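Indexing begins at 1, ligand by ligand and atom by atom, following the structure's order. All values derive from a computational prediction rather than experimental measurement.
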Amino acid sequence: MPKESTLLRDGKIVRSEDPLNLEMPFETLDGFITPTKSFYVRTHFPIPKIDKSKWRLRVEGEVERPFETNYDELINLESEKIPVTLECAGNQRNFLEPKVKGVQWELGAVGTAEWTGVPLSILLDRAGVKPRAREVILEGADHGKLEDPKSPAGEVKFARSISLERARKNVLLAYKMNDVDLPAEHGFPVRAIVPGWYAVASIKWLQCIIVTNEPFNGYYQTLDYAFWKRRGDNAELVPISEMQIKAEIARPSEGETVPANSNVRVHGTAWTGDGAIKKVEISSDDGATWNEAKLLGESKPNTWRLWEFSWRTPNRPGKATLIARATDSKGRTQPMERDPDRGTYMINHLLPITVEVR
Ligand SMILES: Nc1nc2c(c(=O)[nH]1)N[C@H]1C(S)=C(S)[C@@H](COP(=O)(O)O)O[C@H]1N2
Ligand SMILES: [Mo]
């Protein structure tokens, strides 16, 4: 359970009040779907107050027929309901050594919800995308000034682009989360869901969809939410996109006490970008040997998979460590060591959890 000194709101850890950043205590994981009240919240600006009867969504730019739609029109279009796991690209940042700036997330800036909404491709088809178009910018209604000395001096809106190809694949304009209207903090009335990508791409409080033939180099995909990719002897900034494979242990949690010489249930989740989780292994000897955990439920695209493992604890009291490691259908697994070129994002190297055997 979270430390007693931790400030909680509705059972979530308050990482910051302004902007509002709330984390799920990951040890409370108890099912495939994360209840909305437990789902982490990440914002950069004040939450916009939007009256859904006044809300409009514009589709413009490199299109034959720019248009504006409203809430009632949107929810009457053909819809889909899909479970999707969202993870903040900074999840687990608190475990980085040396410490880095940014919201100090532990394990709980991740969750899975069922999202109901309209495929973005329907709106793109209605607008008629011009042949030379390359990207789609998704823009939120939230805005403000940034403290970063490298940021623009004036206000910006929270926005991100995806390729036209990606936009047509399985992006949803969601208006329901776990079967009820999106709560204000999760993007009411409509947000994008970009399955398989770090959640920064899933723009909340969506207001404008701009089709463009030039790459968008906005703040949130260049100076922020980007990482260094090696290019020969050099490195270039690349926007964060596909989620990296990762397994997380929910229980036992860091510092938890477990009985000696007993069977203890170790459980958690594992997810990857475009692919399926094939295997989760557990090591209790610092990675010398590994044992396969049992994958629970069924594999569903773009969602995490729950797993469990029965651990025979040591006979002798003292400290013990547990490490979980996932492998996916494309043969990808987690790195042993942190790649410092990733800066403060995409944290998926193996993470030992220390428990107290008593
Ligand atoms: N408009 C807007 N969309 C946004 C953000 C934001 O601040 N403004 N934050 C992004 C980031 S970094 C994350 S991790 C997810 C968080 O979604 P959630 O708060 O529903 O968990 O929203 C993304 N979409
Ligand atoms: Mo994020």
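- Across R42, E23, E248, a single residue satisfies side-chain hydrogen bond (donor to acceptor under 3.5 Å, both in side chains) together with N91, and that is E248.
- A side-chain donor-acceptor contact under 3.5 Å links R312 and N261.
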key: R168 vs D125, salt bridge (Lys or Arg N to Asp or Glu O under 4.0 Å): CA-CA, chis, key distance, verdict   = CA-CA 9 Å; R168 286 197 181 285; D125 288 346; 2.9 Å; yes

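- Counting heavy atoms under 4.0 Å from ligand 1, residue W205 touches it through the side chain alone.
- Less than 4.0 angstrom separates some heavy atom of I203 from each of these atoms of ligand 1: 1 (N), 3 (N), 24 (N).
- With a 4.0 Å heavy-atom cut-off, ligand 1 is reached by the backbone of T43 but not by any atom from C-beta on.
- Contact annotation for R191 and ligand 1: only side-chain heavy atoms (C-beta onward) come within less than 4.0 Å of the ligand.
- If you check which protein heavy atom lies closest to atom 3 (N) of ligand 1, you get K204 N, 2.8 Å.
- At a 4.0 Å heavy-atom cut-off, ligand 1 does not touch A201 at all.
- Near V41, the atoms of ligand 1 lying under 4.0 angstrom from a non-hydrogen atom of the residue are 19 (O).
- Applying the 4.0 Å criterion to heavy atoms of C88 picks out, from ligand 1, the atoms 14 (S).
- Under the 4.0 Å criterion applied to side-chain N and carboxylate O atoms, R56 and E73 are not assigned as salt-bridge partners.
- If you look at F39 next to ligand 1, the close heavy atoms, those under 4.0 Å, all belong to the side chain.
- For ligand 1 and D142, the ligand atoms under 4.0 Å from any heavy atom of the residue are 1 (N), 2 (C), 6 (C), 7 (O), 8 (N).
- Classified by interplanar angle (parallel below 30°, tilted 30° to 60°, perpendicular above 60°), the ring pair Y220/Y225 is tilted.
- Figure legend: cation-pi geometry between R342 and W228 absent, as NZ or CZ is not positioned both under 6.0 Å from the six-membered ring centre and within 45° of its axis.
- Here the CD-CG distance, from E17 to L22, works out to 8.0 Å after rounding to the nearest 0.5 Å.
- Close approach to S202 involves these atoms of ligand 1, each under 4.0 Å from a residue heavy atom: 22 (O), 23 (C), 24 (N).
- A salt bridge links E106 and R15; the closest N-O separation between the charged side-chain nitrogens and carboxylate oxygens is under 4.0 Å.
- Ligand 1 places these atoms under 4.0 Å from at least one heavy atom of H44: 6 (C), 7 (O), 9 (N), 12 (S).
- Under 4.0 Å from ligand 1, the heavy atoms of Y225 that appear belong solely to its side chain.
- Nearest protein neighbour of atom 21 (O) of ligand 1, counting heavy atoms only, is Y40 O, 2.7 Å.
- Using a 4.0 Å cut-off between charged nitrogen and carboxylate oxygen, D179 and K81 count as a salt-bridge pair.
- Atom 10 (C) of ligand 1 has V200 CA, 3.8 Å as its closest protein atom, hydrogens excluded (heavy atom only).
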- Test F158 against H44 for ring pair (Phe, Tyr, Trp, His ring centres under 6.0 Å), laying out the working first. CA-CA 8 Å; F158 198 88; H44 295 74; 4.6 Å; yes

